[in-house]
Amino acid sequence: MSEYFLLRNREIPNIDDLVIYRQNKGFETFQSAVTSMKPDEVTEIVKASGLRGRGGAGFPTGMKWSFIDKNNWPHYVVANADESEPGTFKDREIMESNPFQFLEGVMLCAYAIGANAAYIYLRGEFWQLAAELDRHIEYLERENLLGDKLFGTDYSLRLYTHLGAGAYICGEETAMLESLEGKLGQPRLRPPFPPSFGLYGKPTVVNNVETLANVPLIVERGAEWYRKFGTEKSPGTKVFSLSGNVEKPGNYELPLGATFRELIFAHGGGIPGGRNIKAIMPAGASSSLIFADEKALDTPMDYESVPNVGAQLGSASVIVIDDSVSMDWLIDKTVHFFAHESCGKCTPCREGTYWMRHITERISHGQASWDDVILLNEVANGIKGKCLCALGDFATEAVMSSIARFRSDFETKTHAAAETIEAKVSP
Amino acid sequence: MNPLRERYGSEIDNVLAKYPADQKRSAVMPLLYIAQRERGYITRAQLDQVGEILGISSTDVASIVGFYTLYHDKPEGKYRIQVCNDLPCALRGADKFLRDFCDRLGVEPGGTTADGVVAVDGVMCLAACHRAPMFQVQSRTEISYHEDQTVDKAMQLVESWRQANGQ
């Protein structure tokens, strides 16, 4: 692509320097919004742009902002920088390399919903990044871009970073709010949703880093401009995190609707070692496994097309699996992750991931029969759709889709186990 | 007197200022990071001190320490090396890296070297899948990322710590 909108650092050297960012119109949009636009006008532009949440759910951003309860104050913005999905590393690059665009997005969101305080919740491992952002925020305060009575208006805004401490579940928006309140990071029962009952019980918008980084250019250049990129239902560009068995893993900013083939082969350089592609996980470890045939490779990566090949776009963390990988090993990995990260609040997830972990371990160690594969599928079924948040469901996606779509991997593994046992018991 | 308050008074005030005056509990995580800087883990006495500053029980503070993986309640190595071996990293050789690295250090994953300098273990995703094998190092005062690693590179880092510690 000739132009970057999110990873602008790749085109404009040192855009992580406030001076350079301002030379490229940085914070002009925020200033003109605060001085000459009504908050609702900002929301309307974002709504019209069709921007959808980049954290995974793909919920329309402007609509979320418009749900904010105007009869209950104060309002808060919480930027979700907890990036923890295996396969996802896009928000980190945005915050490291184009931090002011992200911060301006947070500030525009705050202005649009009338919030005077915004928190950036970063995973604890981003300790150095949080220290950088703190320095950037101080700089913005010195430059009077943040603080009291901005640009001579009555609008005041403060940004604060808040470090998590190692818990995948805190990427779930209500668990994040609990954590920010100083409690265990466990999801809340919804509804009520954060725009009516969020941080400290007050109306709150929780948005992903990449989502917010889209906002400054949308407000500056307009909804019509934004809709020139991507598809009708998934406008804009997306940062695709490409990982696994590819020559050139990394972040690639492409219009939504680019195909898997383009990402994996044209940009990612294909599969190393002369191997063939076997499967794709388009949404990180919480993804279903797509059988990587020609049809799948030619599928556009957008919110509406990926379900046609049996998965979701999610956070667009594309993990490529080559034909050396057996799915019993793969799901043992993903299930270990979710069993470790289950917060323990809902029984089906807490107990179910524990039992799945035991079964996947047995299968991958060649100590299981086909009955265990059926049992595993049953346990997964017992979790799916029965928990407060999506973590339980996420834990089942790779398990159930791999048993359904890569059955022979499990047959081979359990047959080999049966033969070993047979050999041991035969006289 | 509260030793934590005494030693880090202005820093604690700055943390508290981030949150509404009636929502002091929000500061529990940042205060635990401050407490952990003292010894690399949180002591029983510090649980009481953090609780006292925030007006919550020591049990509530302890539950936070137990829930989040970056807080520790016992001494391990001076430097905690955590190698990501989740799926994307494992597809790029992280499991082998962890095994070989542990062999060179002479410990099992989860163990600490005899000189007490290094504790090493696997860890869940660190958002660096494209630069595997990689690990983070948690010391008393900070967390740093080390990406595109080889066992030799990692051993050099360990040796530099050992020399700095006069060994």
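None of these values were measured; they are calculated from a predicted model. The chains referred to below are lettered A, B, ... by the order of the sequence lines, with proteins before strands, and numbering in each begins at 1.
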Can you tell which part of [X] gets under 4.5 Å to a heavy atom of chain B, answering side chain, backbone, both or neither?
| X | result |
| --- | --- |
| Val325(A) | side chain |
| Lys90(A) | neither |
| Thr334(A) | side chain |
| Ser179(A) | both |
| Arg158(A) | neither |
| Tyr76(A) | side chain |
| Leu163(A) | both |
| Thr161(A) | both |
| Cys343(A) | both |

Shortest non-hydrogen contact from [X] to [Y]?
| X | Y | answer |
| --- | --- | --- |
| Ala127(B) | Glu83(A) | CB-O, 3.9 Å |
| His162(A) | Met29(B) | NE2-SD, 3.9 Å |
| Ala165(A) | Tyr68(B) | O-CB, 3.3 Å |
| Pro88(B) | Gly87(A) | CG-N, 3.5 Å |
| Ser84(A) | Cys125(B) | O-CB, 3.7 Å |
| Ile143(B) | Glu125(A) | CG2-O, 3.9 Å |

| task | Go through the steps for Arg25(B) and Glu181(A) under the test side chain to side chain contact (heavy atoms under 4.5 Å, CB included), then give the verdict. | result | CA-CA 6 Å; Arg25(B) 185 181 177 140; Glu181(A) 290 181 3; over 6 Å; no
| Criterion side chain to side chain contact (heavy atoms under 4.5 Å, CB included) on Val28(B) and Lys183(A), from CA distance to verdict | CA-CA 8 Å; Val28(B) 66; Lys183(A) 301 170 190 158; over 6 Å; no
Looking at chain A, which one of [options] has the largest number of heavy-atom pairs inside 4.5 Å, strictly under?
| options | result |
| --- | --- |
| Lys18(B), Gln136(B), Lys24(B) | Lys18(B) |
| Val123(B), Leu70(B), Leu54(B), Leu87(B) | Leu70(B) |
| Gly66(B), Ala27(B), Ala90(B) | Ala90(B) |

| Close side-chain approach of His336(A) to Asp86(B), heavy-atom, < 4.5 Å | no
Non-hydrogen atoms of chain A under 4.5 Å away: do they reach the side chain of [X], the backbone, both or neither?
| X | answer |
| --- | --- |
| Tyr19(B) | both |
| Glu142(B) | both |
| Ala17(B) | backbone |

Between [atom1] of [X] and [atom2] of [Y], what distance do you get to the nearest 0.5 Å?
| X | Y | atom1 | atom2 | result |
| --- | --- | --- | --- | --- |
| Ile319(A) | Leu91(B) | CD1 | CG | 7.5 Å |
| Asp60(B) | Leu184(A) | CG | CG | 8.5 Å |
| Asn85(B) | Phe337(A) | CG | CZ | 11.5 Å |
| Lys333(A) | Asp95(B) | NZ | CG | 3.5 Å |
| Glu341(A) | Thr69(B) | CD | OG1 | 7.0 Å |
| Arg131(B) | Phe89(A) | CZ | CZ | 8.5 Å |

| said: Closer than 3.5 angstrom, by distance alone: can the side chain of Arg92(B) be matched with the main-chain N or O of Asn245(A) as a donor-acceptor pair? | reply: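 No; judged by distance alone, with no hydrogens or angles, the pair does not exist.
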Considering residues, nucleotides and ligands other than [X], do more than 12 of their heavy atoms fall under 6.0 Å from its [atom1]?
| X | atom1 | result |
| --- | --- | --- |
| Lys78(B) | NZ | no |
| Glu159(B) | CD | yes |
| Lys96(B) | NZ | no |

| message | Can you see whether Tyr119(A) engages Ser26(B) through a side-chain donor-acceptor pair at a distance of less than 3.5 angstrom? | response | no
| request: Could you have a look at Ala131(A), Ala167(A), Gly185(A) and say which one has the most heavy-atom pairs with chain B under 4.5 angstrom? | output: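 Most heavy-atom pairs under 4.5 Å with chain B: Gly185(A).
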| Option in Gly164(A), Ser243(A), Pro74(A), Pro86(A) with maximal non-hydrogen atom pairs under 4.5 Å from chain B | Pro86(A)
| query | When you look at Gln186(A) and Phe67(B), which way does the side chain to side chain contact (heavy atoms under 4.5 Å, CB included) test go after all the steps? | reply | CA-CA 10 Å; Gln186(A) 293 186 317; Phe67(B) 187 83; 4.1 Å; yes
| task | Could you check whether the rings of Phe126(A) and Tyr145(B) sit parallel, tilted or perpendicular, using 30° and 60° as the cut-offs? | result |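 The rings of Phe126(A) and Tyr145(B) sit tilted, inter-plane angle from 30° to 60°.
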